[in-house]
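Heavy-atom basis, side chains included; hydrogens, waters and symmetry copies ignored.
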Amino acid sequence: QVQLVESGGGLVQAGGSLRLSCAASGRTFSSGAMGWFRQAPGKEREFVAVIRLSSTRYADSVKGRFTISRDNAKNTVHLQMNSVKPEDTAVYYCAARSNAYVGEYEFWGQGTQVTVSS
(Lines give C-alpha, C1' and ligand atoms only; values in the text may rest on other atoms or scores of the structure.)
Protein backbone atom coordinates (compact mmCIF):
# COMPACT_ATOMS: atom_id res chain seq x y z
CA GLN A 1 0.00 0.00 0.00
CA VAL A 2 1.06 3.56 -0.69
CA GLN A 3 0.64 6.29 1.86
CA LEU A 4 1.65 9.95 2.02
CA VAL A 5 1.79 11.63 5.41
CA GLU A 6 2.23 15.39 5.81
CA SER A 7 3.55 17.19 8.84
CA GLY A 8 4.66 20.67 9.84
CA GLY A 9 1.49 22.68 9.40
CA GLY A 10 0.28 25.18 11.94
CA LEU A 11 -0.16 28.84 12.77
CA VAL A 12 2.46 31.34 11.66
CA GLN A 13 2.62 35.13 11.54
CA ALA A 14 2.80 36.99 8.26
CA GLY A 15 6.41 37.29 7.17
CA GLY A 16 7.39 34.18 9.07
CA SER A 17 8.43 30.74 7.92
CA LEU A 18 7.08 27.23 8.01
CA ARG A 19 8.43 23.93 6.73
CA LEU A 20 6.10 21.19 5.57
CA SER A 21 7.20 17.60 5.11
CA CYS A 22 5.63 14.64 3.34
CA ALA A 23 6.86 11.10 3.82
CA ALA A 24 5.87 8.48 1.26
CA SER A 25 5.75 4.78 1.98
CA GLY A 26 4.96 1.72 -0.09
CA ARG A 27 6.53 3.02 -3.30
CA THR A 28 9.51 5.12 -4.33
CA PHE A 29 9.03 8.24 -6.45
CA SER A 30 12.61 9.16 -7.29
CA SER A 31 11.84 8.75 -11.01
CA GLY A 32 8.43 10.32 -10.71
CA ALA A 33 7.06 13.54 -9.32
CA MET A 34 6.07 14.80 -5.91
CA GLY A 35 4.20 18.01 -5.43
CA TRP A 36 2.22 20.29 -3.17
CA PHE A 37 -1.28 21.64 -3.66
CA ARG A 38 -3.45 23.80 -1.46
CA GLN A 39 -7.10 24.57 -1.00
CA ALA A 40 -8.54 27.60 0.76
CA PRO A 41 -12.13 27.71 2.07
CA GLY A 42 -14.59 28.19 -0.76
CA LYS A 43 -11.93 27.78 -3.43
CA GLU A 44 -10.75 24.96 -5.64
CA ARG A 45 -7.55 23.11 -5.07
CA GLU A 46 -4.59 24.84 -6.71
CA PHE A 47 -1.10 23.83 -7.67
CA VAL A 48 1.73 25.11 -5.49
CA ALA A 49 4.96 23.36 -6.42
CA VAL A 50 6.37 20.16 -7.90
CA ILE A 51 9.73 18.48 -8.01
CA ARG A 52 10.51 15.86 -10.63
CA LEU A 53 13.89 14.47 -11.61
CA SER A 54 16.18 17.51 -11.69
CA SER A 55 13.58 20.22 -12.15
CA THR A 56 11.18 22.20 -10.00
CA ARG A 57 8.18 24.34 -10.86
CA TYR A 58 6.18 26.81 -8.79
CA ALA A 59 2.93 28.69 -8.96
CA ASP A 60 3.49 32.38 -9.63
CA SER A 61 1.90 33.25 -6.31
CA VAL A 62 4.62 31.46 -4.33
CA LYS A 63 7.66 31.70 -6.59
CA GLY A 64 10.58 33.29 -4.79
CA ARG A 65 9.07 32.58 -1.38
CA PHE A 66 8.57 28.81 -1.31
CA THR A 67 11.12 26.11 -2.05
CA ILE A 68 10.38 22.47 -2.75
CA SER A 69 12.99 19.81 -2.19
CA ARG A 70 13.18 16.09 -1.65
CA ASP A 71 15.32 13.42 -0.13
CA ASN A 72 15.13 10.42 -2.43
CA ALA A 73 16.83 8.17 0.08
CA LYS A 74 14.03 8.88 2.53
CA ASN A 75 11.30 9.16 -0.10
CA THR A 76 10.35 12.48 1.43
CA VAL A 77 9.44 15.88 -0.01
CA HIS A 78 9.57 19.23 1.78
CA LEU A 79 8.07 22.64 1.24
CA GLN A 80 9.97 25.51 2.81
CA MET A 81 7.60 28.44 3.13
CA ASN A 82 9.26 31.80 3.71
CA SER A 83 7.80 35.31 3.84
CA VAL A 84 4.34 33.85 4.22
CA LYS A 85 1.25 35.95 3.57
CA PRO A 86 -2.30 35.71 4.90
CA GLU A 87 -3.40 34.55 1.45
CA ASP A 88 -1.21 31.48 1.89
CA THR A 89 -3.73 30.22 4.44
CA ALA A 90 -5.07 26.90 3.20
CA VAL A 91 -5.03 23.16 3.64
CA TYR A 92 -1.85 21.91 1.99
CA TYR A 93 -1.82 18.51 0.32
CA CYS A 94 1.10 16.36 -0.71
CA ALA A 95 0.75 14.38 -3.93
CA ALA A 96 2.86 11.90 -5.92
CA ARG A 97 2.85 10.13 -9.26
CA SER A 98 5.09 7.50 -10.80
CA ASN A 99 5.65 9.34 -14.09
CA ALA A 100 7.75 12.48 -13.88
CA TYR A 101 5.88 14.49 -16.51
CA VAL A 102 2.72 12.74 -17.70
CA GLY A 103 -0.44 11.65 -15.96
CA GLU A 104 -2.52 12.42 -12.94
CA TYR A 105 -1.22 12.38 -9.43
CA GLU A 106 -1.91 8.88 -8.19
CA PHE A 107 -1.59 9.35 -4.46
CA TRP A 108 -2.53 12.07 -2.03
CA GLY A 109 -1.91 12.86 1.59
CA GLN A 110 -4.57 13.80 4.10
CA GLY A 111 -3.68 17.48 4.13
CA THR A 112 -2.27 19.78 6.78
CA GLN A 113 -3.65 23.17 7.79
CA VAL A 114 -1.50 26.27 7.39
CA THR A 115 -2.87 29.48 8.87
CA VAL A 116 -1.08 32.80 8.43
CA SER A 117 -2.06 35.60 10.78
CA SER A 118 -1.60 39.28 10.01
Side-chain angles (χ1 to χ4, degrees):
Q1 59 180 305
V2 177
Q3 188 173 21
L4 306 180
V5 180
E6 300 102 331
S7 61
L11 176 65
V12 62
Q13 294 184 28
S17 298
L18 205 63
R19 185 172 186 258
L20 306 183
S21 298
C22 173
S25 61
R27 185 179 299 184
T28 60
F29 296 97
S30 60
S31 297
M34 299 188 73
W36 290 94
F37 294 76
R38 67 186 183 186
Q39 186 170 22
K43 296 185 177 181
E44 294 186 352
R45 182 185 63 193
E46 66 174 347
F47 167 79
V48 175
V50 63
I51 184 166
R52 41 179 166 81
L53 303 181
S54 61
S55 66
T56 58
R57 182 167 62 89
Y58 300 89
D60 288 342
S61 59
V62 307
K63 196 169 187 177
R65 300 187 297 117
F66 292 6
T67 302
I68 189 170
S69 63
R70 68 179 174 185
D71 184 340
N72 287 333
K74 297 181 178 180
N75 211 22
T76 300
V77 64
H78 306 280
L79 185 68
Q80 179 66 44
M81 306 167 60
N82 295 331
S83 302
V84 296
K85 305 175 181 179
E87 50 263 45
D88 293 323
T89 295
V91 177
Y92 283 71
Y93 296 91
C94 173
R97 66 174 185 244
S98 298
N99 189 284
Y101 298 100
V102 180
E104 298 291 328
Y105 286 92
E106 301 167 277
F107 309 100
W108 294 82
Q110 79 289 345
T112 185
Q113 176 71 47
V114 172
T115 301
V116 182
S117 62
S118 59

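Identified under the ring pair (Phe, Tyr, Trp, His ring centres under 6.0 Å) test for residues 34-63, with sequence neighbours left out: Phe37-Phe47, Phe37-Tyr105, Phe37-Trp108.
Hydrophobic cluster membership is shared by Val62 and Leu79, with clusters built from Ile, Leu, Val, Met, Phe, Trp and Tyr side chains linked at under 4.5 angstrom. Under the 4.5 Å side-chain contact rule for hydrophobic residues, Val84 and Tyr93 do not share a cluster. Under a hydrophobic clustering in which Ile, Leu, Val, Met, Phe, Trp and Tyr are joined whenever their side-chain heavy atoms come within less than 4.5 Å, directly or via other members, Tyr92 and Ile51 fall into the same cluster. Put simply, Val48 and Leu4 are part of the same group of oily side chains (I, L, V, M, F, W, Y) that touch within less than 4.5 Å, one to the next.
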(message) Between Tyr101 and Ser55, is the side chain to side chain contact (heavy atoms under 4.5 Å, CB included) condition met? List the steps.
(response) CA-CA 11 Å; Tyr101 298 100; Ser55 66; 4.2 Å; yes
(message) Between Ser61 and Arg38, does the side chain to side chain contact (heavy atoms under 4.5 Å, CB included) criterion hold? Intermediate values first, please.
(response) CA-CA 12 Å; Ser61 59; Arg38 67 186 183 186; 3.4 Å; yes
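For Gln13, the CD atom counts as loosely surrounded, since its 6.0 Å shell holds 12 or fewer non-hydrogen atoms of other residues, nucleotides or ligands. Around the CD atom of Glu87, the shell of radius 6.0 Å holds more than 12 heavy atoms that belong to other residues, nucleotides or ligands.
Considering every non-hydrogen atom in both Ser83 and Ser17, the closest pair reads N-OG, 4.4 Å. Considering all non-hydrogen atoms of both residues, Ala33 and Ala100 come closest at CB-O, 3.7 Å. A pairwise comparison of heavy atoms in Ser21 and His78 identifies OG-ND1, 2.9 Å as the closest pair. Counting all heavy atoms, side chain and backbone alike, Asn99 lies closest to Arg97 at O-NE, 2.8 Å.
The closest side-chain heavy-atom distance from Met81 to Leu20 is below 4.5 Å.
In this structure a side-chain-to-backbone donor-acceptor pair under 3.5 Å is present from Asn75 to Phe29. A donor-acceptor pair under 3.5 Å links the side-chain atoms of Thr89 to the main chain of Val116, judged by distance alone. For Glu6 (side chain) and Cys94 (main-chain N/O), a donor-acceptor pair under 3.5 Å exists by modelled atom type. With Arg27 contributing its side chain and Val2 its backbone, the two residues share no donor-acceptor pair below 3.5 Å. With hydrogens and angles disregarded, a donor-acceptor distance shorter than 3.5 Å links the side chain of Arg70 to the backbone of Ser30.
With sequence neighbours excluded, no residue forms a ring-ring contact (aromatic ring centres under 6.0 Å, His included) with Phe66.
From Ile68, atom CD1 reaches atom CZ of Arg57 across 10.5 Å, with rounding to the nearest 0.5 Å. To the nearest 0.5 Å, atoms OG1 (Thr115) and CG (Asp88) are separated by 11.0 Å.
Under 3.5 Å, the side chains of Glu106 and Ser98 contain a donor-acceptor pair of N or O atoms.
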